[in-house]
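Following: one structure in structure tokens, then a few remarks.
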Amino acid sequence: SQVQDIHAEKVKKAKNMAFAFDIDGVLVHGDRLIPEGKKVLDMLNGDNQLGIKIPHIFLTNGSGKPELARTQQLSKILGNPVHTDQFIQSHTPMRALAEYYNTVLVVGGEGYRCREVAEEYGFKDIVVPNDIVAWDESIAPYRVFTDEERASSRPRDFSKVNIEAILVFSDSRDYATDMQIIMDLLRSENGRLGTVAKDPVSQRIPIYFSQGDLLCPTEHPVPRMSQGAFRIGLEAMYKALTGVDLERVVYGKPELATYKYADEVMASWMDTLHGEERVPQNIYMIGDNPASDIVGGNMYGWNTCLVRTGVFQGGENDEENPANFGVFANVWEAVTTACRKEL
Ligand code: G3P
Ligand code: MG
């Protein structure tokens, strides 16, 4: 019948659209739900006129704990299932690096959670800065090292170990210690602590950062410095000490590698939901940060929606990186407007 035809047509269209959600400032603020976030996910998970699931993935520059721990926490806050197969945080694509390096320095995050992340990614030999401080406290002259930290670290003779790569997974909790150790390694002969290379470039080990945000909104009235600021500090120090520019790799939004990874995740999530492994034609990125979510989405050919519940506090649209689909009061307004257009 005609009614069935119209329904079938709409279902087809619904399978040809998808959403990529930023998390902080769009769906939640830290551990606090943005109510429209739950409403949107209820709708996309089937509480809609078509009764079908509209594909969506989560693309966050957040970091610092394993994917499963973070998705479980988010599922609870959002009152909707968030599966690890539809979830990308800043360091998720760095999983692929486990194949290339044996011994790595993993920097950032609370306690030893990033060690856990790296283990989960399959890295074989993981060193964190505290392991090095526990081996030789004089490496970090301003550090006050607690007994508890000493007990939970894994010292060994690092003058006999070659660290093959530096992976900054999350925000440094101690810039002085982490910057000192990173700089020591970048200037060493092939990642051997205690050495200083004659040629700073040919023997330098690679360094990777999980994201490049300069600032991050927190409870504090003025946004706090984030991994991007830490990286710029390191770059300036490296240049001043060696005279050469530091080559580095940055992941996360708005870097291309992260969007390519998102496409792969989108295609396999489509397969899970609808048995069709492909990227839907019309992708909508919903974000609050013009400098990461919006610029990245625009470059990648996605439809971009900027919401007013997070970092963006400007006028009609962002002047430098305007959202191409529009600016919305919140995620519900953005998603329902996109659905009205596509369905
Ligand atoms: O800046 C780090 C993080 O809090 C940003 O998260 O979800 O807005 O990309 P998100
Ligand atoms: Mg955000």
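Here the structure is a predicted model, which is why all the values come from computation and not from measurement. Remember, it's 1-based here, ligands and their atoms both numbered in the order they're listed. Only this structure's heavy atoms are used, side chains among them; waters, hydrogens and symmetry mates stay out. For this chain, numbers begin at 1 and follow the sequence in order.
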Check your understanding: Is the gap between the ring centers of Tyr101 and Phe123 under 6.0 Å?
Key -> no
Could you identify the single nearest non-hydrogen protein atom to [atom] and state the distance to 0.1 Å?
| atom | result |
| --- | --- |
| atom 6 (O) of ligand 1 | Thr60 OG1, 3.4 Å |
| atom 4 (O) of ligand 1 | Asp24 OD2, 3.4 Å |
| atom 8 (O) of ligand 1 | Asp22 OD1, 2.8 Å |

Under-4.0 Å salt bridge between [X] and [Y]:
| X | Y | value |
| --- | --- | --- |
| Glu235 | Lys239 | no |
| Arg150 | Asp147 | yes |
| Arg95 | Glu120 | yes |
| Glu36 | Lys39 | no |

**Study point:** Aromatic ring pairing Phe21/His56, orientation class (parallel under 30°, perpendicular over 60°, tilted between)
**Key:** perpendicular
Going by the order shown, which atoms of ligand 1 are within less than 4.0 Å of some heavy atom of [X]?
| X | value |
| --- | --- |
| Asp213 | 1 (O), 2 (C) |
| Cys216 | 1 (O), 4 (O) |
| Gln211 | 1 (O), 2 (C) |
| Ile23 | 7 (O) |

Exercise for review: Quick one: the OD1 of Asp288, the Mg ion (ligand 2), OD2 of Asp22 angle, rounded to 10°, please.
Suggested key: 80°
Check your understanding: Hey, does Lys253 come in under 3.5 Å of ligand 1, counting only N/O atoms on both sides?
Key -> yes
Point to revise | Close N or O approach (Asp293, ligand 1; < 3.5 Å) | key: no
Check your understanding: In terms of hydrophobic clustering (I, L, V, M, F, W, Y; side-chain heavy atoms under 4.5 Å; direct or indirect links), are Leu50 and Trp332 co-clustered?
Key -> yes
Practice item. Among Arg115, Arg143, Arg154, find the residue that satisfies the side-chain hydrogen bond (donor to acceptor under 3.5 Å, both in side chains) test when tested with Asn130. Key: Arg143
Check your understanding: Which atom, counting only N, O or S, brings Asp24 closest to the Mg ion (ligand 2)?
Key -> O
Check your understanding: So among Phe19, Tyr284, Tyr259, which one has a ring pair (Phe, Tyr, Trp, His ring centres under 6.0 Å) with Trp302?
Key -> Tyr259
**Study point:** N, O or S from Asp293 under 2.8 Å to the Mg ion (ligand 2)
**Key:** no
Review point. Is it true that Gly25 lies under 4.0 Å from ligand 1, counting heavy atoms only?
Key: no
